[in-house]
Structure formats: structure tokens, C-alpha cells
Amino acid sequence: MCLRPSRARALLDGTPRRGPAATVSASASAREDALAGYADTLARGGRPDAYTFAPLLKAVARGGLAAAAVHAHAVKFGLGGGAHVGSALVAAYASGGDGAAAARALRAAPTPVAWNALVSGHTRGGRHGEARRAFAGMVRAGAAPTHVTFVAVLAACGKARDARLGAQVHGRVVGSGCTAVAKVENALLDVYAECGDMGSARRLFDGMRVRGVVAWTSLVSGLARVGRVGEARGVFDRMPERDTVSWTAMIDGYVRAARFREVLEVFREMQYGGVRADEFTMVSVITACAQLGALETGEWVRVYMSRQGIEMDVVVGNALIDMYSKCGSIERALAVFKGMHCRDKFTWTAIILGLAVNGYGEEAIDTFHRMIRVSEAPDEVTFVGVLTACTHAGLVDKGREFFLSMTGTYKIAPNVVHYGCIVDLLGRAGRITEALETIDQMPMRPNATILGTLLAACRLHGNAEIGELVAERLLQMDPGNSVAYILLSNMYAKSNKWEDVRRLRHAIMEKGIKKEPGCSLIEMNGVIHEFVAGDRSHPMSKEIYSKLEEIITGLKNAGYVPDITEVFVEVAEEEKQKVIHCHSEKLAIAFALLSPESNSVIRVAKNLRMCLDCHNAIKWITRLYEREIVVRDRTRFHHFRHGFCSCKDYW
DNA sequence: ATAGGGTTAG
């Protein structure tokens with residue numbers, strides 16, 4: 001949690017008086033204490049000395065606060081000109097993003113340490129380009145880089161994936177004779193690993209005299225980053241020792257590989273191993289919960305964090321907003337958002353997207369305006385959220401306005417995803433021709449996703465003419481695209497072109513096109529259960545199927561009629577009902593209804609779009625069983641309640 | 001001033 005600016009101002013507002021030397025602590029967890037300690041000392045009549053301000057500046061910089069107030073104090077005490085304070089000022093200003101102030105502080109005290117502070121400050125602040133320029137400036141100024149400089153600039157190269165500069169610096173390192181310094185060696189290894197050059201990384205690693213936990217961790221992280229998680233796990237298992245960072249790197253590797261259930265497994269192993277988790281670990285774990293739709297586990301994580309005293313910083317807060325949004329609990333996402341007194345553009349983007357996909361389009365747009373009012377600059381992802389809000393709320397003109405404002409007001413070039421939002425917006429509104437024109441006039445080549453979006457709109461509005469055209473283009477680009485076949489065949493069925501349906505099904509059989517299997521996840525008492533259509537692998541499979549039969553019979557008695565128009569496989573008519581009735585979301589819901597003692601919301605996360613019949617059947621279920629059901633689809637949420645869905649049958 | 005792990009879309 002970062003320090004409230006008001007509190008910081010209050011702490012620094014005391015009038016300095018003379019007295020014994022003021023001491024401060026600068027540990028990460030004691031940021032607030034550092035300032036409080038300083039203020040207390042002043043209040044008790046203490047007096048700062050040459051060693052007071054460096055740690056204080058460090059604390060302020062880590063809290064994301066302006067270093068200027070502390071600087072003013074240092075000047076007031078006549079301690080602003082020393083080398084210690086000077087380099088700390090450079091670091092604080094650089095990491096806080098005030099490059100000009102950092103440069104001024106450096107000119108006032110141009111020591112080698114201050115140069116290093118400039119490089120590492122920019123690296124810490126995430127401005128890797130600035131860090132690299134600072135290094136170049138240092139070389140130009142004739143200041144000799146030390147091993148500290150190398151470590152800092154190499155970290156910037158690694159984080160910026162700048163393999164070229166990394167190799168150049170490597171050359172200088174060799175020239176300077178710093179190669180044997182363990183930290184430099186690790187930093188070099190990390191540059192290669194971060195840049196995905198695992199061959200060079202491996203050679204460096206093998207040539208190291210001592211291979212510490214840091215080097216091993218870089219290797220694990222690098223392998224996972226290039227998609228070699230299996231190998232990463234092999235290396236991880238061979239590590240002589242593993243600390244918090246190593247475990248987190250492994251866990252994050254599974255996040256990158258989209259193996260979210262393994263994320264939770266490895267996290268459990270980490271706890272058994274008695275290794276303490278921190279904010280970084282929790283972000284990966286929360287991300288996995290988000291992707292799995294695992295709200296119970298996500299809630300448990302928050303309890304775990306407070307029990308373990310793990311700080312909730314901005315990034316954790318952002319991840320939590322995303323998790324609650326992706327679990328369909330916008331109330332909790334909003335509660336986290338409101339409780340965060342330190343927000344960045346990710347925070348705003350996450351809540352805007354959350355509101356948008358959960359069906360709160362107007363609120364998402366209001367939130368965007370608030371974001372602008374507090375001067376947080378939106379980026380291209382923010383606009384995906386804003387445009388998604390317009391799409392899901394059917395706000396065509398507003399969406400176009402926002403799209404135009406991207407280039408006009410915010411100087412952000414729309415990418416294919418933004419064009420996709422516009423195509424979706426127009427397509428859903430039935431303006432198929434305009435949607436097609438948008439694709440034809442956009443400055444980049446259409447991808448399969450955007451053509452799929454238009455095709456879905458053609459299906460929704462029964463425009464077989466343009467639909468065929470689009471499907472043809474889509475299949476040219478991606479001949480095995482099962483979605484194109486499904487949508488096209490749905491479209492033919494809808495307009496009673498049965499001859500075309502038959503022809504298409506024949507082609508599908510001949511080419512051996514397989515539909516991506518539908519898969520639904522549901523969490524029950526902290527355990528995630530996965531269902532695939534027609535799945536019989538669940539230990540309670542027998543009970544689930546008989547429950548499902550009972551449900552369907554009940555629904556039919558109440559007036560539900562199965563809709564088999566979206567059945568893809570070529571089987572006899574009576575078989576088709578069986579096919580739709582074992583769709584993964586129905587299995588998941590039947591499983592949830594097996595435990596009737598719990599009457600909480602049923603939450604299902606599905607990988608594909610829901611079929612017409614499932615959507616209809618679930619509406620009936622919420623009426624008959626008086627349960628609320630939330631299904632997360634591949635693009636939006638369906639909140640079913642009392643026989644109605646939040647998408648207004650428009651998805 | 002000093003190495004390794006973090007969030008948002010498709």
C-alpha cells in the first residue's frame with residue numbers, strides 16, 4: 001500500500017528544529033515509518049545530519065512520492081550539497097520519473113556514484129530507454145563505468161529486451177575485467193535469458209564458477225519466457241536451493257504458459273516447502289484465479305495475504321480488480337478500486353474493462369471520464385475497454401466518437417483490436433455493410449479474429465450474402481477455422497438453406513475439421529472442476545448425468561424446448577438433443593446443483609461462446625431452481641437471474 | 001548506487 005500523499009505532506013510539514021541526530025529506517029515495509037520516524041524526531045527537537053536524507057529519499061521514492069519535499073528539507077538544514085544526499089536525490093528523482101530534476105541533481109554533484117544512481121534510478125522507474133541514455137551520457141562524460149554501472153545498465157537491457165546493447169555492454173564488461181564479479185555475471189546471464197537467447201544464457205551459466213540461486217532463477221525464468229516451461233520445471237527441480245523469487249519465477253512461468261491449475265498446485269508446494277510468498281507471488285496466483293474464474297480461491301488469497309502481512313500494492317490491487325471482474329463480481333472489483341488510494345493507468349483500465357464486460361457500459365464510460373479528469377493518460381488497452389463498453393451497451397455513435405478521439409485527442413493509433421471493436425459495434429447493430437467497409441478501409445491486414453467478428457454479426461442478422469463472402473476470406477486465410485464453418489452452417493440453417501447446410505457438413509467431414517472442444521470450469525469448495533462436452537471422467541459422473549436428466553425433464557415439463565439448430569456434428573435428429581444436453585456448461589451446472597445445501601451464485605467459466613440452447617436452458621434453470629448463475633463466455637458475462645440474462649439475448 | 005520474479009486486450 002503506498003503512502004497517502006496527504007499523510008506524507010503532513011509528516012513533512014513540521015518546522016525543523018535543532019537537537020540530536022535524526023535517524024530513519026528505509027526498509028520497504030517501513031516506508032511510512034521512515035517518514036513518521038523523521039517527523040517524530042523533528043517533533044522531539046531532533047536534528048538531521050549528513051546520513052539522514054539518503055535513506056529518507058529512498059523511502060519516499062519507493063512510495064511513489066515526489067522527492068522535492070525531502071529535498072527542500074535537506075536544503076533547509078544546509079545538507080543539500082553533500083555527495084551522499086546528491087546521489088540519493090538523483091536516484092529518487094530518476095526513479096520517480098523526473099528526469100530533468102535528476103539531471104540537475106547530477107550536475108550539482110557529478111560523482112561516479114551519482115551517475116550510477118541515474119542509470120539505476122531510471123531502470124527502477126521502468127524507463128529503460130532513459131537508463132540506456134544515461135549510460136551513454138556517462139561514457140561520453142568520461143566517467144568510468146564500474147561493476148555497479150554494468151549491473152544497472154544490464155538490468156535495463158534485460159527488462160527492455162535490448163539484446164544489441166546487452167551484447168555491447170558485455171564487450172565493455174570483458175574489457176573492464178569485471179566478468180568475474182558475481183552480480184555482473186548474473187546480470188549478463190539475465191540479459192540473455194530475458195532476451196530469449198537461451199543458448200548464450202546456458203553457455204554463460206555453464207561457465208560460471210559459482211552458480212547461485214539468482215543465476216538458476218534467471219535460467220528458469222528465461223526458459224519459461226520462451227515457452228519452454230517443461231524444461232524450466234526440470235531446471236527448477238534440480239536447483240540446489242529455491243527462494244521466494246525462484247518459486248515465483250516458476251509460478252509465473254505457468255501463468256505465461258496458461259497452465260493456471262498448475263499455478264495453484266505449485267503455489268501449494270511452495271507453502272508446503274515453507275517458503276514465504278510476497279506481493280510478486282500473489283500477483284501470479286491472483287492472475288491464475290482470474291483466468292480460472294476461481295473466486296473462492298481468490299478470496300482465500302486475500303485472507304492469506306493479510307495473515308502473512310503481505311502488502312497490497314498497486315499491482316496487487318490491479319490484479320485483484322481484474323480477478324473479481326473476471327469472476328463476474330463487479331461489486332468486489334469496485335470495492336477494491338475504491339479502497340486504492342494509489343492508482344495508475346492499469347488500475348483505471350482494469351476497472352473500465354471489468355465494468356464493460358460485466359454489462360455496465362455507461363458506468364465504464366463515466367469511469368473513463370473520471371480517469372481523464374485525474375490526468376491519468378489512457379493507453380491503447382484503455383480504449384479496448386472503452387470501445388468494449390460501447391459494444392456491449394450498443395452505443396454505436398459514442399463508440400465511433402471514442403474511436404475518432406483516439407487519434408484526434410489522445411494521439412493513439414488504433415490497432416486491429418480497436419477496429420475489431422468497431423466492426424463488432426456496427427455488426428451487432430445490424431450495420432453489416434458499414435462493418436465490412438471498416439475492414440476494407442483499415443490500414444492493416446484483417447486477421448482471423450476480426451473476420452470472425454463480422455461473420456458472427458452476419459449470422460446474428462441472417463445476412464448470408466456478406467456472410468458467405470467473409471467466410472470465404474476467413475477460410476482462405478485459415479482453412480481449418482472451425483468457427484467459420486460453424487457460423488456459416490448456423491447461418492444457412494437460420495435461413496432454411498438446408499441444401500447448403502448439407503454441402504457444408506459434407507465438406508467438414510471430408511476435411512476432418514474438428515471443433516475446438518468446449519470446456520467449462522467451476523470451483524467447488526476451493527477445488528476447480530473441469531468439464532468437456534460429453535465428459536465422463538469426473539468421479540461423480542454418474543450422479544451428474546442423472547441430475548442433468550432430472551433437470552432437463554423438469555425444464556421440458558415447464559415448457560422448455562431444446563434448440564438443436566447449432567448442433568455441428570452430423571447425427572440423427574434424436575441424437576442431436578443428446579449432443580446439446582451434454583455441453584460442458586450444462587454438466588458444470590448439474591454438478592453445482594448436486595449440492596443444493598449451498599444456495600450461492602453458480603459461476604462457470606467457459607472457453608467458447610455459449611450455444612443458443614445452453615443460453616435458453618440456463619434461463620429456465622434460474623427460474624425453476626431459483627439460483628443465480630453467472631457464465632463467463634470467451635468475450636462477455638451472462639448474469640442469469642429469474643429467467644433473464646444480462647446480455648438481453650444479444651451476444 | 002549493487003543481480004533474479006509482478007498487473008490491463010485479442
Side-chain angles (χ1 to χ4, degrees), chain A residues 54 58 83-84 86-88 90-92 94-95 111-121 123-124 126 146-152 154-155 158-159 181-191 193-194 212-222 224-225 242-253 255-256 277-287 290 313-323 325-326 344-354 356-357 378-388 415-418 420-421 447-450 452-453 634-635:
Chain A
K58 202 172 170 182
H84 268 90
S87 55
V90 172
S95 64
T111 61
V113 173
W115 273 110
N116 289 343
L118 189 66
V119 179
S120 71
T123 304
R124 209 150 6 90
T146 66
H147 71 276
V148 177
T149 326
F150 289 132
V151 167
L154 286 169
K159 294 204 167 82
V181 178
K183 285 183 182 183
V184 175
E185 234 178 352
N186 285 333
L188 274 169
L189 167 60
D190 193 57
V191 171
E194 289 271 339
V213 63
V214 174
W216 281 93
T217 303
S218 282
L219 205 58
V220 168
S221 163
R225 196 180 292 279
R242 301 173 200 91
D243 64 9
T244 299
V245 182
S246 330
W247 279 97
T248 305
M250 192 63 247
I251 288 172
D252 187 57
V255 171
R256 284 175 200 279
D278 67 6
E279 299 91 317
F280 286 70
T281 324
M282 298 330 288
V283 167
S284 293
V285 174
I286 294 166
T287 305
D313 64 17
V314 206
V315 184
V316 173
N318 296 347
L320 281 172
I321 291 177
D322 182 53
M323 187 269 290
S325 299
K326 284 200 166 66
D344 59 15
K345 74 172 182 195
F346 294 95
T347 319
W348 290 95
T349 301
I351 196 70
I352 289 169
L353 269 160
V357 294
D379 69 5
E380 69 270 22
V381 185
T382 317
F383 276 98
V384 173
V386 173
L387 296 175
T388 302
N415 63 32
V416 70
V417 179
H418 302 111
C421 290
N447 59 13
T449 310
I450 198 166
T453 302
R634 84 185 315 164
T635 54

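Lettering of chains follows the sequences in order, A, B, ..., and the numbering in each one begins at 1.
With sequence neighbours excluded, the residues satisfying ring pair (Phe, Tyr, Trp, His ring centres under 6.0 Å) with F383(A) are F368(A), Y410(A). Applying the side-chain hydrogen bond (donor to acceptor under 3.5 Å, both in side chains) test to D322(A) and every residue at least two apart in sequence or in another chain returns K326(A). Not counting sequence neighbours, S221(A) has no partner by the side-chain hydrogen bond (donor to acceptor under 3.5 Å, both in side chains) test. Legend: residues meeting side-chain hydrogen bond (donor to acceptor under 3.5 Å, both in side chains) with R225(A), ordered by chain and number and at least two apart, are E194(A). Taking S284(A) as the reference, D252(A) meet the side-chain hydrogen bond (donor to acceptor under 3.5 Å, both in side chains) condition, with sequence neighbours excluded.
No contact: V184(A) has no heavy atom under 4.0 Å from any strand. When heavy atoms are screened at a 4.0 angstrom cut-off, T149(A) is found touching no nucleic acid atom at all. Residue contacts for T635(A): at a heavy-atom cut-off of 4.0 Å it reaches no nucleic acid atom on any strand shown. No engagement by E185(A) is indicated, since no non-hydrogen atom pair under 4.0 Å with the nucleic acid exists. When heavy atoms are screened at a 4.0 angstrom cut-off, N415(A) is found touching base atoms of the nucleic acid. T382(A) comes within contact range of no nucleotide atom at all, as no heavy-atom separation falls under 4.0 Å. Using a 4.0 Å heavy-atom criterion, one finds that V255(A) contacts no nucleic acid atom at all. Residue contacts for S218(A): at a heavy-atom cut-off of 4.0 Å it reaches the sugar-phosphate backbone alone, with no base atom in range. Using a 4.0 Å heavy-atom distance criterion, R256(A) is classed as a sugar-phosphate-only contact. Residue V151(A) is in sugar-phosphate contact alone, with no base atom involved, counting any heavy-atom pair closer than 4.0 Å across all strands shown. Within the nucleic acid shown, D278(A) comes within 4.0 Å of at least one base atom, counting heavy atoms only.
The nucleotide range of DNA chain B contacted by chain A, defined by atoms under 4.0 angstrom from heavy atoms of the protein and reported 5' to 3', is dA1(B) to dG10(B).
Panel note: side chain N447(A), backbone I450(A); a donor-acceptor pair is recorded below 3.5 Å. The backbone N or O of I321(A) sits nowhere less than 3.5 Å from a side-chain atom of N318(A) that would complete a donor-acceptor pair.
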